Amino acid sequence: VRAVVEAGGVPVILPFIPGETAASEVVVSELLAGISGLLLSGGDDLDPFDFHEQPRLELGEIHPERGVFELSLTKGAQSRGMPVLGICRGCQVLCVAGGGALYQDINSQVPGVLKHQQKAPRWDPTHDVRLEGSSVLAKILGVSELRVNSYHHQAIREAGPDFRVVARAPDGIIVAIEGQNHENFVLGVQWHPEG
């Protein structure tokens, strides 16, 4: 909330409504009508069911209703051409909403992976990322490389047809995606820029 205010925005926290009502088209439409952009925050793991997989042993805590709610909000926002920013779990939600898939646990699924669950302070960047030069993200930041913080063990495996990969860690892990259509601002970053 503080980061949104500091960036000049007015934060509106959307209430999570448990149960099937949360993902109903009417509820999603009414919630999105009251905002001008959607920010998807970090949190627990996404349910593998949402990207058509069975759970692996290493899967962390999930909240299936939150996942359904956020996926519905994301799809609704994108269909309206609304700007969307996904941070950490929010980046993964963007990916899955766009037809992509995740690694449930990069430590057990990706050989030679870096440590992506840092034990350093939140504000301390712990690994590098390389940005695609033509990306909106690289243009916003004005750099082709930077160091970021890292608090995840799930990660994007396939970005899906709605997105292009615009940043990777040195181990090849996808750490940023953006929408294929540059008319609408749709960006997901695996790190916490507000941290």
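Worth saying up front: this structure is predicted, and the values here are computed from it rather than measured. Residues take their numbers from the sequence shown, with the count starting at 1.
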Minimum-distance pair of heavy atoms, taken over all atoms of [X] and [Y]:
X: D171; Y: G112; answer: CB-O, 4.0 Å
X: A159; Y: I177; answer: CB-CG2, 4.1 Å
X: A155; Y: I106; answer: CB-CG2, 3.6 Å
X: C91; Y: G188; answer: SG-C, 3.4 Å
X: G98; Y: P161; answer: O-CD, 3.4 Å
X: G133; Y: A138; answer: O-CB, 3.9 Å

Could you give the side-chain donor-acceptor pairs of residues 76-89 under 3.5 Å, partners two or more places apart or in another chain?
residue	atom	partner	partner atom	Å
S79	OG	K75	O	3.4
S79	OG	G76	O	2.9
R80	NH1	G76	O	2.9
R80	NH2	S29	OG	3.2
R89	NE	E70	OE1	3.1
R89	NH1	D44	O	3.0
R89	NH1	D45	O	3.2
R89	NH2	E70	OE1	3.0

message = Checking H116 now: which residues fulfil ring pair (Phe, Tyr, Trp, His ring centres under 6.0 Å) with it, not counting sequence neighbours?
response =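 Ring pair (Phe, Tyr, Trp, His ring centres under 6.0 Å) list for H116, sorted by chain: H127, H152.
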inquiry  = With heavy-atom distances below 4.5 Å as the criterion, would you say the side chains of F185 and I140 are in contact?
reply    = yes
key: Flag side-chain contact, heavy atom, 4.5 Å: L187 against V136   = no
Rounded distance [0.5 Å steps], [atom1] in [X] versus [atom2] in [Y]:
X: L39; Y: L14; atom1: CG; atom2: CG; result: 10.5 Å
X: I156; Y: F51; atom1: CD1; atom2: CZ; result: 11.0 Å
X: D105; Y: L57; atom1: CG; atom2: CG; result: 9.0 Å
X: L137; Y: L146; atom1: CG; atom2: CG; result: 7.5 Å
X: L131; Y: L141; atom1: CG; atom2: CG; result: 6.0 Å
X: D47; Y: L102; atom1: CG; atom2: CG; result: 11.0 Å

By the rule that ILVMFWY residues connect when side-chain heavy atoms come within less than 4.5 angstrom, directly or transitively, which residues belong alongside [X]?
X: L114; result: none
X: V1; result: I13
X: L59; result: I62

query = Can you list the steps and then say if V148 with V175 is a side-chain contact (heavy atoms from CB on, under 4.5 Å)?
reply = CA-CA 10 Å; V148 299; V175 293; over 6 Å; no
key: Where at least one partner belongs to residues 140-154, residue pairs that pass salt bridge (Lys or Arg N to Asp or Glu O under 4.0 Å), sequence neighbours excluded   =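 Every pair satisfying salt bridge (Lys or Arg N to Asp or Glu O under 4.0 Å) with a residue in residues 140-154: D128-R147, R130-E145.
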For [X], which residues count as a side-chain contact (heavy atoms from CB on, under 4.5 Å) partner, sequence neighbours excluded?
X: P111; answer: none
X: Y151; answer: Q118, R122, N149, H192
X: E158; answer: none

ask   = Would a hydrophobic clustering, with Ile, Leu, Val, Met, Phe, Trp and Tyr connected at side-chain separations under 4.5 Å, put L38 with V12?
value =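 Yes, because L38 and V12 connect within a single hydrophobic cluster, where side-chain heavy atoms sit under 4.5 Å apart.
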request  = Indicate if F49 and F69 have the same hydrophobic cluster label, given that clusters are the connected sets of ILVMFWY residues with side-chain heavy-atom separations under 4.5 angstrom.
outcome  =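 Result: no, two separate clusters.
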The criterion is side-chain hydrogen bond (donor to acceptor under 3.5 Å, both in side chains); which residues satisfy it with [X], sequence neighbours excluded?
X: R157; value: E53
X: E132; value: S134, R164
X: Q117; value: none

Donor + acceptor pair across side chains of E61, H63 (<3.5 Å) =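 E61 vs H63: donor-acceptor pair found between side chains.
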note = In Q190, Q92, Q109, the residue satisfying side-chain contact (heavy atoms from CB on, under 4.5 Å) with Q154 is Q92
